[in-house]
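Comments concern the structure below.
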Amino acid sequence: MSTETTTPALDVERAVLDLGDGDSRVRALDDVSLTVMPGEFVAIVGPSGSGKSSLLAISGALSSPDHGTVRVHGTDVASLSKRARARFRLTNIGFVFQSGNLLPSLTSADQLRLAGRLAGNRTVDPLPLLESVGMAHRARHRPGELSGGERQRVGIARALVNAPSLLLVDEPTAALDRRRSHEVVRLLADRAHDAGVAVVMVTHDRDVLEHCDRVLEMVDGRLGAPSLAH
Amino acid sequence: MFLALRELRFARGRFTLMGVVIALISVLVVLLSGLSSGLVNDGVSGLKAMPATAFAFDEGTKTDNAFSRSVVDEAQLAAWQQADGIADAEPMGVNIVNGVASDGSQIDLTLFGVLPDGFLSPPVSAGEGLGAVDGIVVSETLRDEGVELGTVITLDRVDLELTVVGFTEGQATFGHVDVAYLPIGTWKLLAAGATQPGAPSAAEVEALDFPYSSVVALRAADGATPDYAAIDASAETTTMTLAESFNASPGYEAETLTLSMIQIFLYAICSLVVGAFFTVWTIQRSHDLAVLRAVGASGRYLLRDSLVQAAILLLGFTALGVAAGVGLGAAMPAAMPFDLEFVPIAIASGLTILLGLIGAAIAVLRIVRIDPLRALGGQR
């Protein structure tokens, strides 16, 4: 129990990341530190190109910072090989992408089953998870038959299949109207608090920040207190 | 398999279109294979049916049409009869003639002059074997042209009359012309130009001194591998094995080369079309694949899944195409040289599938280059 509560789900320490080459070289992350505890729901806001997605990429072990360390649930992910990072992502990190990014050929239930299979779990029962995001009645529908909000809910359920300790969420409300945006973000907050999952959400939709435990703002690669919160 | 099958079902329209192209290519491959076998049989089935292992031609005979061009004498024949490892060496005469049957229909024949009691003498399924100087044995397929036992065929110009005394089973053609076996003595009479109008007589054959034949037909002794080159050198002949001698039949090489070239083109087209389809298909879903890679799916898993998908598509629709091709082939008119043979068709469909898979494999290899970062909105 002690490690569960004392080990941060995400611990980014003094991360620096440069993107591009030569003249187009940009400092995407400039000495960024961020600690997120299990069950905490953190939002990161900021304009396009401020480095939000880069922070998400290094937190999710999709890329490594040039300097600094990234620990997910105590594991230094930057030190892992490419293949080991992929395996680590499968079981420890959940991703929710813009507009769900579900596979068009799979039903909601199959989206969850595939996520389980990729992690070596062939006996996933998708229904309870779909139920928990209010989508059990759409289990047999493909993304083409779902609304934007429904797709996001299925996407969230999919990200939770392998019981990750960290959920990374990229602009979940980009394609949603106001009411659905609130529903989806509230669902994320509930999941974080109920399941003890750390959630980091990148957004520029300041409208939904009321559901978050903590809001940080990113400007020109630097992470700081928000100029406008709650 | 999980994703592969669901994608096949989901995008069935696109996959069916691709599949129909594969099936049509397979139909063509089967038809070409049938035509190929048919032409080969039409060209050399008379040779194929022979129990000979090799033929000795006169030294330096041009390969094409060698059977009708070559002339060997009795010294060459004798050299082969005494050679090591040769069980039988018999003279054989080859000659293509035009004739008219007793019912007035015109018939082309390849005359194979052989010793009536030699190893080349054909087994008969009806009538009697070779023996009578004016008796010929023809293949059963000639019955379709109205030839019966007792039919008299009069050869053009020389007016030599030959009578069908027996039938041998199966197709026996040479250079697309039906084979008629006749006693070598009668053949010599014809080759020497010593025939009289009407049926040949035994006395004429006896009286003729004509020490030549076209080739020496050889049968190796059981288990022996004769040193053909060495015997050729001393006998002043050029030997071709039975299979090599097919090329010495008229038009054989030209026909088979043309058809194999068309087949090779079809395989290349199949490979390229399938490759192009899977390239577009992979690009179309590259964002989905990036999402899967971001989630943590290994490149190997996605690659295997895509290859299984291509294999299912190719296997299914090639089978369909082969079935349709075999059906079509069975309905071909008898006059067409078309033979469905299992081995060439199996090889052809195997190659279609294999080359299609290679095309698909090259296309889906790009999966491993897909950057999982693409899953995140915009740039990172």
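Note that these values count all heavy atoms, side chains included, but never hydrogens, waters or copies made by symmetry. Given the structure is predicted, the values throughout are model-derived calculations rather than measurements.
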### Query
Just wondering, more than 12 heavy atoms not from B/His287 lying within 6.0 Å of its NE2?
yes
### Message
Taking side-chain hydrogen bond (donor to acceptor under 3.5 Å, both in side chains) as the cut-off, I'd like each qualifying pair that reaches into residues 84-94 of chain A, sequence neighbours left out, listed once.
### Response
A/Ser64-A/Arg85
## Note on the structure
The interface call for A/Asn162 against chain B, heavy-atom contacts under 4.5 Å, is neither
### Query
Just checking heavy atoms, which of residues 9-34 of chain B are less than 4.5 Å from chain A?
B/Phe10
#### Entry: Structural part of B/Arg293 lying under 4.5 Å from a heavy atom of chain A
backbone
### Message
Around atom CD of B/Glu169, are there more than 12 heavy atoms from other residues, nucleotides or ligands closer than 6.0 Å?
### Response
no
#### Entry: Residue pair B/Leu292 / A/Leu114, side-chain heavy-atom distance below 4.5 Å
yes
### Query
Should the heavy atoms of other residues, nucleotides or ligands under 6.0 Å from CZ of A/Arg140 be counted, would the total exceed 12?
no
### Summary
Assert top hit (heavy-atom pairs under 4.5 Å, partner chain B, pool A/Thr107, A/Asp110, A/Leu168) equals A/Asp110
### Minimal non-hydrogen separation, A/Phe97 against B/Val295, with atom names
CE1-CG2, 4.3 Å
### Message
Looking at every heavy atom in both A/Leu62 and B/Ala294, which two are closest together, and how far apart are they?
### Response
CD2-CA, 3.7 Å
### Query
What is the distance from atom CG of A/Leu103 to atom CZ of B/Arg6, rounded to the nearest 0.5 Å?
11.5 Å
### Query
Is atom NE2 of A/His137 surrounded by more than 12 heavy atoms (other residues, nucleotides or ligands) closer than 6.0 Å?
yes
### Message
So B/Arg300 and A/Arg83, do their side chains get closer than 4.5 Å, heavy atoms only?
### Response
yes
### Query
Rounded to the nearest 0.5 Å, what separation is found between the CE atom of B/Met1 and the CZ atom of A/Arg117?
10.0 Å
### Task
Provide the closest heavy-atom pair for B/Leu376 versus A/Ser53 in the form atom of the first, atom of the second, distance.
CD1-O, 3.8 Å
### Query
For the residue pair B/Asp288 and A/Pro104, what are the closest heavy atoms and their distance?
OD2-CD, 3.2 Å
### A/Asp220, CG atom: more than 12 neighbouring heavy atoms under 6.0 Å
no
### Query
Could you walk me through whether B/Phe2 and A/Leu118 pass the side chain to side chain contact (heavy atoms under 4.5 Å, CB included) check?
CA-CA 10 Å; B/Phe2 185 85; A/Leu118 289 175; over 6 Å; no
